There are 2 protein chains.
Amino acid sequence: MKSKRTSLADIAESLNVSKSTVSFVLNGKGKQFNISETTQKLILDKAKELNYVPNYFAKGLREGKTQTIGLVLADISNPFYSELSKAIQESLYEKGYSLFIVSTNDDSTMELKLIRDLILRSVDALIIAPCNGIPALKPVLDETPIPVVWVDRIGDEFADFVGVDNYMESAMLVKRFSVKPKKVGILHPKRSDVMTIQLRIDGTKSACEKQAIPYELASLSENQKESVDKMKQMIDDGVDSFVALNNKVALHAINALNILKVEIPKKVRIISFDDSEAFSYFAPPVTALSQPVNGIGKETVERLMERLKESTENRKHLMMECSFIERSSH
Amino acid sequence: MKSKRTSLADIAESLNVSKSTVSFVLNGKGKQFNISETTQKLILDKAKELNYVPNYFAKGLREGKTQTIGLVLADISNPFYSELSKAIQESLYEKGYSLFIVSTNDDSTMELKLIRDLILRSVDALIIAPCNGIPALKPVLDETPIPVVWVDRIGDEFADFVGVDNYMESAMLVKRFSVKPKKVGILHPKRSDVMTIQLRIDGTKSACEKQAIPYELASLSENQKESVDKMKQMIDDGVDSFVALNNKVALHAINALNILKVEIPKKVRIISFDDSEAFSYFAPPVTALSQPVNGIGKETVERLMERLKESTENRKHLMMECSFIERSSH
DNA sequence: TTGAAAGCGCTAACAT
DNA sequence: ATGTTAGCGCTTTCAA
């Protein structure tokens, strides 16, 4: 751990040249400014010797750009989001950008705070997977020149979005069962006010209605006893096909089914919206709909680059296709 | 989206006061400098009206501090690390710091690059969960005035570290089985060169030796057929107690056990180092050793704050205790 | 009670 | 081929 940082001026001084000469050389513009090979080498060597690292703030202040993007997510410990941030970070890194990741815990107040903070830190752009209270974000976002791309959940009809068509994808699920459902059980998490979940509920419902299949809704949580009771009730009601609207809910459902000793897929079938690493290890392995996280990440970054170019290209809503992972539970 | 940012000067100009007056007021030093209530109110209102956000770079340039910390991890999509970053981010946020998270994919070259990049961005400090090639980091880290705290994996004997005693914790595992093992199967991931895994292997081995229990090692991977074969082999060899050295390996092992229709815990017992959300949903639920992620995160931040104070307090290696989650597989 | 001005480290237009 | 200098937006010392 060294005690002080070397500045451009230090190099200039120790070599008796001017700061600009040093700046030119260190920015690879030596040729362009016809700086002699000798001087260049001298400067480069000195810089290495003194372990010169440019001051990011001076540069930022001067250039007005930070090469930094802010990513606002509901929960970084959710595998979907952590995969997504990984994908985004990698794409961004290739383009020379760094990434601030912040986790809001699906709390709109926190979200607003964190977005303010990111703006304060002069990120060049924002990627947001919003909680529900989007209207609250509008005024803040409207007052900053920072472009925004929405991901996973649509925040603003008129801005770029990359994600999945939750409505349609869940509607399709109803047709995927190996046996035509007599009655569908729609399993959702406690917090069904999150936009994506709402869309999935609506999508599943409408598909059932279109196919004249009766359905029933239930919310499942960590409370095992409650989940078992609810599942039993539904099966008694004649439900033979379950659509779990996210992977956590699927986990709870399968656990309940195991406890109830209901055979899958013989007696009852289940499909999960969102895959999970563990699903292939279950007995039987769980069939799931998998979102193209990496694709979403890549496309998000593409959209962002477009905005950063201040291109006038129209904003787009990009709906990526999910893939159906056929295992044995459907 | 507004087109231009308001600066201090804009406010000063529109109010016909000087920049310093505005600066004083906006930094809450109005009283201290005896600025009249009227002027203060005028300035505050104008700032709000023009939606003033201070320029982070100018401030940083001036003050030399960024209030930003860099976190370097092997893999953000690994639940352990994503939980950890969440905990760290939260503690840090309370103290007014923001966090850059970067994922190295356990690749030392990438790691070095990303650390360089973080230094370039003038983070105030670094938190690193290093890959193995620590010697490579030394020179870079030695040449910067930025303090480092190591987390999860020890990078430097003489610097702060927060994590878990992998050696001792895995040694204890051997005594945890409900039946004294006749022979222990030590299950590790393909890449056993990662420091934590190596320590866990050594710890388990030594415990077996001390208790005069024979043991056998095997590496498990995604390759299901191979895993099944290896597990079968070990059971034929008399192994009745498995220690899985991380949660992925445990997943593979249990899958193999299911396929082999070996009853757990009747015929064979298994414990996983590292817990997983899914473990409680298995039949039977999987017993695991759980690392105190939140505690590790909090303590890491505490260490960091100490360093940032430039306190001369001695560097510490903080070993946090794991908790044994008794479910039914041991 | 307020204003002027220096200076943080860097870039680039302009001089020489 | 290289040096001088203004200015990015802010804080803070000193002067008025």
Side-chain angles (χ1 to χ4, degrees), chain A residues 4-44 46-47 50-68 119-124 144-146, chain B residues 4-44 46-47 50-67 119-124 144-145:
Chain A
K4 198 56 194 68
R5 252 174 95 145
T6 308
S7 82
L8 243 189
D10 294 336
I11 300 180
E13 196 177 341
S14 80
L15 250 36
N16 275 316
V17 295
S18 80
K19 288 194 297 169
S20 45
T21 307
V22 179
S23 172
F24 291 146
V25 173
L26 260 22
N27 286 307
K29 296 184 182 168
K31 280 229 162 60
Q32 189 181 323
F33 286 88
N34 287 322
I35 298 184
S36 74
E37 288 298 330
T38 347
T39 320
Q40 293 215 36
K41 184 152 173 24
L42 234 44
I43 292 175
L44 257 10
K46 201 63 173 182
L50 298 180
N51 203 260
Y52 171 71
V53 179
N55 182 308
Y56 186 56
F57 287 91
K59 211 166 188 156
L61 178 55
R62 188 54 228 243
E63 299 180 341
K65 288 279 164 254
T66 68
Q67 299 291 107
T68 302
I119 293 176
L120 201 140
R121 275 165 198 275
S122 305
V123 293
D124 289 344
T144 160
I146 298 177
Chain B
K4 197 56 193 69
R5 251 175 96 144
T6 308
S7 81
L8 245 188
D10 294 337
I11 300 180
E13 196 177 342
S14 78
L15 250 35
N16 273 317
V17 295
S18 81
K19 287 193 296 170
S20 40
T21 309
V22 179
S23 171
F24 291 145
V25 173
L26 260 23
N27 286 307
K29 296 184 181 165
K31 280 229 163 59
Q32 190 182 321
F33 286 89
N34 289 321
I35 297 180
S36 73
E37 289 297 331
T38 348
T39 318
Q40 292 213 37
K41 185 157 171 22
L42 234 44
I43 291 175
L44 257 8
K46 201 63 174 181
L50 297 180
N51 202 260
Y52 172 71
V53 178
N55 181 307
Y56 185 57
F57 287 91
K59 213 168 188 156
L61 179 55
R62 191 51 228 239
E63 299 179 342
K65 288 276 163 258
T66 67
Q67 298 290 107
I119 293 175
L120 201 140
R121 273 164 201 275
S122 304
V123 292
D124 288 345
T144 160

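This structure is a prediction, so every number in the text was calculated from the model and none was measured. Protein chains get the first letters and strands the later ones, always in sequence-line order, with residue 1 at the start of each. The figures that follow rest on heavy atoms only: side chains count, while hydrogens, waters and symmetry mates do not.
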Under 3.5 Å, side-chain donor or acceptor atoms of residues 17-30 of chain B against the rest of the protein: list the pairs with distances, not counting sequence neighbours.
from	atom 1	to	atom 2	distance (Å)
Ser18(B)	OG	Ser20(B)	N	3.4
Ser18(B)	OG	Ser20(B)	OG	2.9
Ser18(B)	OG	Thr21(B)	N	3.4
Ser18(B)	OG	Thr21(B)	OG1	3.1
Ser23(B)	OG	Asn27(B)	ND2	3.4
Asn27(B)	ND2	Ser23(B)	O	2.9

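In this structure, NZ of Lys31(B) is placed 14 Å from P of dT2(C), rounded to the nearest angstrom. To the nearest angstrom, P of dA1(D) lies 10 Å from CD1 of Ile35(A). In this structure, CG of Leu120(B) is placed 13 Å from C1' of dC10(C), rounded to the nearest angstrom. For Leu61(A) and dG7(D), the CG to C1' distance is 9 Å, given to the nearest whole Å. Residue Tyr56(B) contributes atom OH, which lies 17 Å from atom C1' of dC8(D) at whole-angstrom precision. Taking atom CD1 of residue Ile43(B) and atom P of nucleotide dG3(C), one finds them 8 Å apart after rounding to whole Å.
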- Expected string for nucleotides 10-16 of chain D under the B/S/- scheme (protein heavy atoms, under 4.0 Å, primed atoms plus P, OP1, OP2 as sugar-phosphate) is BBBB---

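Heavy-atom distances under 4.0 Å link DNA chain D to Asn16(A), Val17(A), Ser18(A) of residues 10-18 of chain A, given in residue order.
For Lys41(B), the salt bridge (charged side-chain N to carboxylate O under 4.0 Å, His left out) partners are Asp45(B), not counting sequence neighbours. In this view, Tyr52(B) satisfies the ring-ring contact (aromatic ring centres under 6.0 Å, His included) rule with no residue, not counting sequence neighbours. Arg121(A) meets the side-chain contact (heavy atoms from CB on, under 4.5 Å) test with Phe100(A), Asp117(A), Tyr56(B), Gln67(B), Thr68(B), Ser98(B); sequence neighbours excluded.
Summarising the geometry of Phe57(B) relative to Gly60(A), their closest heavy-atom pair is CD2-CA, 3.7 Å, with the distance given to 0.1 Å. Listed here is the closest heavy atom pair of Lys31(A) and Gln40(A): N-NE2, 3.7 Å. Ser122(A) approaches Thr66(A) most closely through the heavy-atom pair O-CG2, 2.8 Å. Annotation for Thr6(B) and Ile11(B): closest pair CG2-CG1, 4.2 Å, computed over non-hydrogen atoms.
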